[in-house]
Amino acid sequence: MEYQYELAIIGAGPAGIATAIESYAVGLRNIILLEKDDNHNATIRKFYKDNKRVDKDWKGQKVELDGTIYFVDGTKESTLDFFDQLLDHDSLELRTHTEVQKIVKNETGFEVFIAGGSIHAKYVVVTIGRMGKPNKPDYKIPPSIKNQIHYTLDGCGSGEKIMVVGGGDSAIEYAVELCTKNEVSICYRRGTFRRANPTNQADIERVVQNGSVRALLNTEITELESESGKVKVLFNDGTSELYDRIVYAIGGTTPSGFLSSSNIREEDGKPVHDENYQTNIKGLFVAGDITQESGGSIALGLNHGFAIANYIKSI
Ligand SMILES: Cc1cc2nc3c(=O)[nH]c(=O)nc-3n(C[C@H](O)[C@H](O)[C@H](O)COP(=O)(O)OP(=O)(O)OC[C@H]3O[C@@H](n4cnc5c(N)ncnc54)[C@H](O)[C@@H]3O)c2cc1C
């Protein structure tokens, strides 16, 4: 069967867009980006708070940019504008509202299955990230309080008692934002916030010291219950407290179902790939957060796209 596209990229986040731009730059043509959401960069749109500071060296990881895309520190809004401008590149085709279900290798390349049909491509790069399924706690969430449990700031208003769970950069940024209008606690199983970047460490120290956020360190939640319309949080020391809402910021999960339906081998929570990000299936690549157990970043995704483009060009 003839392929329609030289390259199909699944997911239009930073890694997907970079793969498209860098591939075009090295001479590949007929490139399509397939995105399940209604616009590119669903992770940034949904999980970043408004006006969030976007760090190029996220989580303190210094990344030298290899490719042609010049990415610098900014805000959520300037970062989305930046990707808008990259996508305005007239030779890139972005198809939104298009969720890819699986990828099957055939004689000439790949058949990429979407609702109601499929497209054919010579090479495929999977850049679907890990935030399609944010990590959830191990304990059960009673259905009666489901609407008070969040994984982003959507639905959080003002004047409420809110607990943020987690101690990484995202959890700290959520707590610092929420505490301007709410009574906020942050619950973290470790004893310090040292895994966060220096700015966020300074921010959380400031709000804890001035009493705007209460830090519950070395603390784990064992159970949630529903009590009088509130969320009753039970801790590992046997105590409990009532909250209006809980916001979990504990990372994302590997999309194992997607990988296995496309026969991409997974080991230790990550798809197996070589130094060119090629999976166990020749011509099928992975890039961005999906290649990391945790701790990906925009800059890392941009570099993956550059590496893959150059490798495909060299084949
Ligand atoms: C709260 C928060 C704050 C962060 N702050 C920073 C920061 O300041 N600086 C920084 O560098 N990094 C930051 N990060 C990390 C950064 O957002 C990620 O590393 C980056 O978005 C990963 O890019 P990606 O392209 O691999 O995946 P994603 O950005 O997750 O994009 C994946 C895309 O694929 C789409 N998709 C998923 N499944 C399918 C499918 N089956 N078919 C079609 N499309 C699909 C999704 O809708 C999404 O648009 C932060 C992350 C979070 C959660």
Side-chain angles (χ1 to χ4, degrees), residues 8-20 32-63 65 71-76 78-80 82-83 87 94-103 112-115 119 124-135 151-154 164 166 168-177 196-197 199-200 247-255 257-259 261-262 271 277 286-292 294-305:
I9 299 162
I10 322 302
I17 296 172
T19 307
I32 187 166
L33 270 157
L34 302 168
E35 166 58 48
K36 76 171 178 185
D37 223 272
D38 59 0
N39 208 339
H40 64 88
N41 277 301
T43 295
I44 293 180
R45 284 175 209 282
K46 288 182 185 160
F47 289 90
Y48 291 18
K49 65 190 180 69
D50 291 346
N51 299 315
K52 170 185 152 48
R53 192 190 67 248
V54 174
D55 305 318
K56 178 188 140 285
D57 294 329
W58 173 236
K59 297 193 171 167
Q61 306 176 83
K62 286 235 167 307
V63 181
L65 292 169
F71 172 66
V72 291
D73 293 344
T75 60
K76 169 182 179 175
S78 70
T79 304
L80 288 172
F82 174 75
F83 284 109
L87 280 166
L94 169 64
R95 203 184 287 178
T96 54
H97 298 289
T98 306
E99 178 163 10
V100 172
Q101 293 149 353
K102 64 175 178 176
I103 303 153
V112 176
F113 287 85
I114 55 182
I119 61 149
V124 176
V125 185
V126 177
T127 64
I128 59 176
R130 296 170 58 86
M131 295 308 288
K133 274 198 191 145
N135 267 324
Y151 302 91
T152 71
L153 295 189
D154 287 353
V164 177
D169 289 289
S170 311
I172 292 173
E173 290 179 4
Y174 284 173
V176 170
E177 167 77 11
N197 71 33
T199 315
N200 283 332
V247 180
Y248 289 93
I250 49 178
T253 56
T254 308
F258 183 92
L259 295 175
S261 68
S262 303
Y277 302 95
V286 282
D289 271 18
I290 194 175
T291 65
Q292 314 282 311
S294 63
S297 73
I298 294 170
L300 279 174
L302 301 186
N303 281 353
H304 295 171

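Residue indices begin at 1 and follow the sequence shown. As the structure is a prediction and not an experimental result, all values here were calculated from the model. Just so you know, ligand 1 is whichever comes first in the structure, and atom 1 is the first atom listed for that ligand.
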Give the single entry among [options] that approaches [atom] most closely by any heavy atom.
atom	options	result
atom 22 (C) of ligand 1	Asn200, Leu302, Asp289, Asn197	Asp289
atom 23 (O) of ligand 1	Pro14, Gly288, Pro255	Pro14
atom 28 (P) of ligand 1	Ile10, Ile44, Thr43	Thr43
atom 2 (C) of ligand 1	Gly13, Ser170, Gly74	Ser170
atom 16 (C) of ligand 1	Phe258, Phe83, Tyr48	Tyr48

For [atom], closest protein heavy-atom neighbour:
atom	result
atom 27 (O) of ligand 1	Gly129 CA, 3.5 Å
atom 10 (C) of ligand 1	Trp58 CB, 3.2 Å
atom 44 (N) of ligand 1	Lys36 N, 3.1 Å
atom 34 (O) of ligand 1	Gly11 CA, 3.2 Å

Do the rings of Phe71 and Phe82 sit parallel, tilted or perpendicular, given the 30° and 60° boundaries? tilted
Is the side chain of Thr291 donor-acceptor paired with the backbone N or O of Ala287 at a distance under 3.5 Å, no angle test? no
Between Asn303 and Leu65, is there a donor-acceptor pair closer than 3.5 Å when you use the side chain of the first and the backbone of the second? no
Which of the numbered atoms in ligand 1 are under 4.0 angstrom from any heavy atom belonging to [X]?
X	answer
Gly296	19 (O)
Ile298	10 (C), 11 (O), 12 (N), 19 (O)
Phe47	1 (C), 53 (C)

State whether the shortest distance between N or O atoms of [X] and N or O atoms of ligand 1 falls below 3.5 angstrom.
X	value
His40	no
Glu35	yes
Ala42	yes
Glu173	no
Lys52	yes

How about [X] and [Y]: do any of their side-chain heavy atoms sit closer than 4.5 Å?
X	Y	value
Phe258	Ile103	yes
Lys56	Val72	no
Leu34	Val112	yes
Asn41	Ile17	yes
Leu153	Tyr174	yes
Lys76	Ile44	yes
His40	Leu33	no

Hey, could you give me the CG/OG1 distance between Asn51 and Thr75, rounded to the nearest 0.5 Å? 6.5 Å
So is Thr98 touching ligand 1 or not, going by heavy atoms under 4.0 Å? yes
Heavy atom of Gly132, distance to ligand 1 below 4.0 Å: no
Please determine whether a side-chain nitrogen of the Lys or Arg among Arg53 and Asp73 lies less than 4.0 Å from a carboxylate oxygen of the Asp or Glu. no
Is it the side chain, the backbone, both or neither of Thr127 that has a heavy atom closer than 4.0 Å to ligand 1? backbone
Below a 4.0 angstrom heavy-atom separation, can you tell me which part of Asp169, side chain or backbone, both or neither, approaches ligand 1? neither
Just to verify, which of Arg45, His97, Lys46 counts as forming a side-chain hydrogen bond (donor to acceptor under 3.5 Å, both in side chains) with Asp37? Lys46
